[in-house]
There are 2 protein chains.
Amino acid sequence: MLSYFPNFPVPKPMKPKASTPLRSTADFARHVGLARTTVSRVLNGQPGLKQKTIDRVQRALAETGFTPNAHALHLKGKRTAMVGICVEDLLTPPAVRKLASLQKLLRDRGFSSLIEVFAPGKGREVVRHFLSMRVEAVVFIGHFHREEIEARIGELIAHGTPHLVIDHFGLKNAHTVSLDRAAAMAAVVDHLLGLGHRTFGLLAIAKAPASRYDRLTGIQAALRAHGLNFAGCTVTLDPLHERDNDFDYGRKLAGSFLQLAHRPTALVALNDEIAIGALRGLQEAGLNLPRDMAVTGFNNQPIAAMTTPTLTTVNQNIDTTIATAAEILVAQLDAPPRAKPMVRMITGELVVRESTGPARTA
Amino acid sequence: MLSYFPNFPVPKPMKPKASTPLRSTADFARHVGLARTTVSRVLNGQPGLKQKTIDRVQRALAETGFTPNAHALHLKGKRTAMVGICVEDLLTPPAVRKLASLQKLLRDRGFSSLIEVFAPGKGREVVRHFLSMRVEAVVFIGHFHREEIEARIGELIAHGTPHLVIDHFGLKNAHTVSLDRAAAMAAVVDHLLGLGHRTFGLLAIAKAPASRYDRLTGIQAALRAHGLNFAGCTVTLDPLHERDNDFDYGRKLAGSFLQLAHRPTALVALNDEIAIGALRGLQEAGLNLPRDMAVTGFNNQPIAAMTTPTLTTVNQNIDTTIATAAEILVAQLDAPPRAKPMVRMITGELVVRESTGPARTA
DNA sequence: CTGAAAGCGCTTACAG
DNA sequence: CTGAAAGCGCTTACAG
């Protein structure tokens, strides 16, 4: 870490490794008994070398475990083949799945990944670190503080470094790929409307950050298409409990919904965790699901097929998202910077399971 | 990526960025109107500079977004402050939690993390890449092919690069921190014995890779302490289904156990996923849990508190593991290489919930 | 504060 | 195949 980035500890100079004999190609060439130039040629697979020489070098390489210094290579202009990935956190399963998928895809194309958690307020340092490492592109996965990420993207564009944002829709000038959450939520609500539901509890959806408002848009659109008024048929109790977006938050929210004089017949949750917590909360109170209440999740995590009842939810189609991400990155790597940001929407898929059934006729 | 690692694509030379004006401190110094040397002093916080000069440089730094080339810094001997992390995969929740926790801890100490998935057969490339990047240490998280990881660790030791293995116990000469799975499993079985259980179905435990045999050791020890014979009171049906270690594998296994003429009264699973799948499988067949069958998991993932019944499982105490990992790393960074490998065991914690109850007296 | 110089570990012409 | 040289972007004495 560079010391002139204020919040990082001052680095001590690297102490020489006592037991490492071969630090440079010069050392190594001496060890093999060849010229530096010749060794370099072998290492880079250049033509015009005797097979015998090549074998000699390869053998010594294997024996000594000598590794040329990547930093010197990059200084000489060799591409770094590194991509910086900023991830919102490493604890949200869908975000980690995207990270895993992207990392593998990049690896298969010969890129290594520098991965950092983009904590609020730390974005500047993270991106500067990536730039100092001369990464060939920076990818953001997740939702971030809007102004902070827009500032970072501005810097990257000024630097001529390609970027891509996965999931955070609606950022100015940003290349983006994200799930069409509006359409997905509309599909969820449509499904519930078709089952006769007319009153909906929204779990952790109503007061979402601006970038997530598209979920609300979708819900509103679906209701409007059925001639229903959003305010009249939705309820949110989000502020009643400390918001965590986890199982327990869903459980507590479900408990609160049971206190209402007029309960909604369906609960629509931000994610599978909240939905599963709600299932549990409702069952603890003695409700028979889905007869007494419909519940929907989001993300289609594997656990959604294992709960009782199994959970109706939305599949994000992560593979499609990442394949599209690769396209957008490649487009930038191969071509000059473009004026118009590339923005792609991925279509989710409603997965109907047991947690949604016909609305109880009161 | 270096081209002389056979399996990687040949790198193309990096094309110069058209729109990046300031590529070096020389450029930047010219832009600010100061000498390279002066700029370098400011960047490194050296004394003897007028505040006015410092401010001038800092302002220009902020305005231009100039970032000094980390590779050149490292060439000059500045430490890389990088740690390479090899992770078994990015889809196993406890492994990802360890990764997240370790990454944060390293970040807080000023290290950045190079993260790679250590796929079987790819270990050599991954470690060589880390070495070429001159990382200050390499950490392995998970279980690996024994010979492959031992070979890698041998290389690291020869290189004088510190290493640490998290979770893979019993490797030759390796600094290791891992959960005491034997003790944890003994605690699970003890608990079940205390409830009167005498016959146990083992789910994905019996034929585990060598490094996981410690679970079996623990089970055997607990049974022996109660005067019971392992072979006589355990059953495994692992080979009946394609092994996935996920929900569905547990569900299928549970179904197979129900076919047995003499069913065990308790199912002991490798992880929470398999246990939860088993809960589901048993309930689908109409069993009343835990009355008709006890089930235990492993890892204490959040979902374990949300299933019906909630799941008895083992907490890994990941924070302790990672704190210990940090100690072992620091010990190596600060001191000369030591002859004896450091090996630490972390104690897990049995978490009793609803999925285990008194054995049904047949 | 400036400027010229050396050197970190590499690659790449260039002459032998 | 060898060897001497230049240069990538930095830092660090050293003399002005």
Side-chain angles (χ1 to χ4, degrees), chain A residues 1-4 10-17 20-57 61 66-80 131-134, chain B residues 1-4 10-17 20-57 61 66-80 131-134:
Chain A
M1 202 49 45
L2 306 175
S3 68
Y4 19 87
V10 178
K12 291 174 291 186
M14 204 172 196
K15 49 183 175 211
K17 301 273 164 53
T20 312
L22 269 30
R23 303 278 313 155
S24 65
T25 41
D27 288 353
F28 180 69
R30 213 171 298 129
H31 177 262
V32 196
L34 289 169
R36 275 173 90 183
T37 321
T38 311
V39 168
S40 181
R41 288 241 185 73
V42 175
L43 293 177
N44 293 288
Q46 283 169 9
L49 297 166
K50 284 194 229 154
Q51 190 56 43
K52 206 184 116 192
T53 316
I54 297 178
D55 291 346
R56 184 141 67 113
V57 173
L61 214 52
F66 169 71
T67 329
N69 186 321
H71 304 292
L73 291 176
H74 301 147
L75 243 202
K76 275 301 292 179
K78 212 147 241 175
R79 44 186 298 238
T80 58
L131 289 175
S132 78
M133 293 295 291
R134 304 295 190 250
Chain B
M1 200 53 45
L2 306 176
S3 68
Y4 17 89
V10 177
K12 290 173 293 185
M14 206 170 195
K15 51 182 175 215
K17 301 272 164 54
T20 313
L22 270 33
R23 303 279 314 156
S24 66
T25 41
D27 288 352
F28 180 69
R30 214 171 298 129
H31 177 261
V32 196
L34 288 169
R36 275 172 88 182
T37 321
T38 311
V39 167
S40 180
R41 287 240 187 72
V42 174
L43 292 178
N44 293 289
Q46 283 169 9
L49 297 166
K50 283 194 230 153
Q51 189 57 44
K52 207 184 114 192
T53 316
I54 297 178
D55 291 345
R56 186 141 66 114
V57 173
L61 215 51
F66 170 71
T67 328
N69 186 320
H71 304 291
L73 291 174
H74 301 147
L75 244 202
K76 277 300 292 176
K78 212 147 240 170
R79 46 185 296 237
T80 58
L131 289 175
S132 77
M133 292 296 291
R134 303 295 189 250

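Keep in mind that the numbers below use all heavy atoms, side chains included, and drop hydrogens, waters and symmetry copies. In what follows, every chain begins at residue 1, and chains take the letters A, B, ... in the order their sequences are listed.
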At less than 4.0 Å, is any side-chain N or O atom of B:Thr25 found next to OP1 or OP2 of D:dG9? Yes or no. no
For B:Pro68 and A:Arg134, the nearest pair of non-hydrogen atoms, with its separation, is C-NH2, 3.9 Å
Grab the NE2-C1' distance between B:His71 and D:dC8 for me, whole Å please. 12 Å
Send over the distance from A:Leu73 CG to C:dG9 P, rounded to a whole Å. 13 Å
For A:Phe66 versus A:Thr25, what's the shortest heavy-atom pair and its separation? CZ-N, 3.6 Å
May I ask you to say whether A:Asp55 pairs ionically with A:Lys52, meaning some side-chain N is under 4.0 Å from a carboxylate O? no
Heavy-atom nearest pair, A:Arg56 first then A:Leu34, reads NH2-CD2, 3.2 Å
5'-most contact on DNA chain C (nearest-nucleotide basis), B:Lys50 vs A:Ala26, goes to B:Lys50
Can you tabulate the close N/O pairs, meaning under 3.5 Å, that link protein atoms to atoms of nucleotides 2-5 of chain D?
from  : atom 1 : to      : atom 2 : distance (Å)
D:dT2 : OP2    : A:Ala35 : N      : 3.2
D:dT2 : OP2    : A:Thr38 : OG1    : 2.6
D:dG3 : N7     : A:Thr37 : OG1    : 3.4
D:dA4 : N6     : A:Thr37 : OG1    : 3.3

Consider the side chain of B:Ser40, meaning its heavy atoms from C-beta on, and name the nucleotide among C:dG7, D:dT12, C:dC10 that approaches it most closely. D:dT12
For A:Ala26 versus A:Arg36, what's the shortest heavy-atom pair and its separation? CA-CG, 3.7 Å
Please determine if a side-chain N or O atom of B:Asn69 lies less than 4.0 Å away from the OP1 or OP2 oxygen of D:dC8. no
Comparing nearest nucleotides in DNA chain D, the 5'-proximal residue of the pair B:Phe66, A:Lys52 is A:Lys52
Do you know the tightest heavy-atom contact between A:His74 and A:Arg79? CD2-O, 3.4 Å
Could you tell me the separation between the CZ atom of B:Phe28 and the P atom of D:dC8, rounded to a whole number of Å? 19 Å
Given Watson-Crick or G-U pairs with both distances under 3.5 Å, what dot-bracket string fits DNA chain D, with | for other-strand pairs and [ ] for crossing? |||.||||||||.|||
